[in-house]
There are 2 protein chains.
Amino acid sequence: MMQQHKKRDKSKKRATILDGAIDVFIRMGYELASMDKIAETAGVSKRTVYNHFGSKENLFQVIVDDFLAQRQELKTIAYDPEKSMEEQLLAFAYAEIFLINTPRRLGLSRFLTMTFLKDIDYARETVAKYPPSYGMFIEWLKEAENDGLIRSENLLVTARVFYSLVEGAITWPALFTDDVTQLHFEPMLDEIIATFMARYGSK
Amino acid sequence: MMQQHKKRDKSKKRATILDGAIDVFIRMGYELASMDKIAETAGVSKRTVYNHFGSKENLFQVIVDDFLAQRQELKTIAYDPEKSMEEQLLAFAYAEIFLINTPRRLGLSRFLTMTFLKDIDYARETVAKYPPSYGMFIEWLKEAENDGLIRSENLLVTARVFYSLVEGAITWPALFTDDVTQLHFEPMLDEIIATFMARYGSK
DNA sequence: TCTTAATTATACTATACAGTGTAATTAAAT
DNA sequence: ATTTAATTACACTGTATAGTATAATTAAGA
């Protein structure tokens with residue numbers, strides 16, 4: 001103890017390395033992303049990468065956890081009786097769209113999807129560290145149902161239908177698109193929400 | 001010429017190698033699937049693998065083309081005024097489900113999805129060799145609309161909604177499931193079709 | 001049975017990459 | 001200005017893999 005003398009701020013270098021690593025992972029995929037290439041892209045020596053992250057696998061893990069934590073934040077949306085159904089459903093959809101509507105976030109989503117597909121046991125364990133994905137939306141549905149705005153015999157099924165529409169029409173197609181800036185989601189979004197309300201809206 | 005004397009049947013060995021290769025690709029992914037491992041799994045010498053397929057990349061390409069050709073066959077469904085809407089929509093859905101309802105086909109679908117995500121330019125070129133994916137369904141929609149059973153302002157959008165529901169609720173969740181034999185698609189399928197008809201069915 | 005196409009076993013080349021060791025250098029905090 | 005935590009440059013180890021070369025072996029077709 002008594003020796004808090006020196007202790008420099010490593011967070012900047014750490015962020016630089018993460019930036020470069022994400023860049024290389026997006027461009028080359030996990031296997032072909034070499035630690036040499038990551039160091040070079042980050043403008044940092046390879047030794048520094050290892051000093052900060054220990055191993056390639058751990059570096060990857062940090063990126064995954066950061067992404068999933070941010071994703072969880074986005075999903076936090078509360079029911080608001082002042083707003084229209086359509087407006088609020090759009091908000092849930094935009095939480096998904098945010099993850100893919102810049103080239104960088106789209107690349108990261110694509111990369112993580114790949115790695116999750118490569119090892120689905122790992123994927124399940126990792127995702128399990130966060131709250132259930134439909135949780136927030138089901139809570140919202142409950143309140144909308146109490147207000148008589150939604151009719152549903154099974155809220156989980158209803159939530160799955162909603163996310164099927166959003167992911168099937170927006171997220172997955174985007175993952176296979178190279179230039180996401182050219183995509184215009186709005187027409188499809190309106191159609192999705194109209195479809196959802198045709199089935200579950202009361203009146 | 002005049003020497004069709006010897007010429008043995010290589011198709012059996014070829015199929016054996018493809019089987020083993022698919023197995024290893026599914027288990028390890030493209031990068032980690034070594035040609036030694038593929039040869040060993042197929043029960044064949046590595047030299048024979050190279051004699052048949054020339055390179056790892058070409059071996060992979062053959063597997064992709066085989067899969068996509070089979071996929072195209074499945075989608076060939078004609079409108080039948082004798083059958084109910086629900087029954088025919090189910091047929092389109094089952095063409096998708098067929099690709100994922102055994103562990104082997106699911107593994108192959110997952111593997112191909114991964115490789116397509118890794119190089120979406122390659123994916124686009126490869127998929128472009130086959131007819132447009134919604135083509136068959138749009139033809140079907142036209143006839144159903146002419147019979148007054150479907151109302152749609154834009155058949156392409158309607159087709160996209162249908163496939164969003166099927167892929168979002170069935171295909172993609174299955175890709176992240178390890179034991180597909182435990183999945184029961186029927187309840188979700190019924191809900192999907194009810195949702196589609198709530199939006200696009202006329203009365 | 002004979003011919004030879006196909007296959008095998010084995011050794012080999014060239015290359016790439018994860019991770020380590022270390023001495024020298026840099027720069028932040030006091 | 002001094003201290004020393006952090007970083008760098010660079011050489012190095014061990015391992016893995018795509019693809020090739022070749023001589024010996026196998027087995028199908030005539």
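Letters A, B, ... mirror the listed sequences (proteins, then strands); counts begin at 1.
Between the B:R105 side chain and the B:F98 main chain, a donor and an acceptor come within less than 3.5 Å of each other.
For C:dA5, its base sits under 3.5 Å from the side chain of B:R8 at one donor and acceptor pair at least.
The shortest non-hydrogen separation linking B:Q88 to B:K83 is NE2-O, 3.1 Å. Closest non-hydrogen pair, B:R110 versus B:L175, comes out as NE-O, 2.7 Å. Taking each heavy atom of B:F137 and B:Y163 in turn, the nearest pair found is CB-CE1, 3.8 Å. The heavy-atom pair separating B:I22 from B:I63 by the smallest distance is CG1-CD1, 3.7 Å.
We find that A:E31 and A:K118 are joined by a salt bridge, their nearest charged nitrogen and carboxylate oxygen being less than 4.0 Å apart. Taking the charged nitrogens against the carboxylate oxygens, A:K46 and A:E40 have no contact shorter than 4.0 Å, which rules out a salt bridge.
A 4.5 Å side-chain heavy-atom check between B:K142 and B:I150 finds every atom pair outside the cut-off.
Residue-level contact check: B:N51 touches the bases, meaning some heavy atom is under 4.0 Å from a base atom.
One finds no side-chain N or O of B:T48 lying less than 4.0 angstrom from the OP1 or OP2 phosphate oxygen of C:dT7. Checking the phosphate oxygens (OP1, OP2) of D:dT7, a side-chain nitrogen or oxygen of A:H52 falls inside 4.0 Å. Contact annotation: A:K12 does not reach the phosphate of C:dA28 (side-chain N/O to OP1 or OP2, under 4.0 Å).
Scanning residues 14-22 of chain B for heavy-atom distances under 4.0 Å to DNA chain D yields an empty list.
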With B for base contact, S for sugar-phosphate-only contact and - for none (protein heavy atoms under 4.0 Å), nucleotides 13-20 of chain D reads ----SSBB
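Between the C1' atom of D:dG29 and the NZ atom of B:K10 lies a distance of 15 Å, rounded to the nearest Å. Atom CD in B:E40 sits roughly 14 Å away from atom P in C:dT10 (whole-Å rounding).
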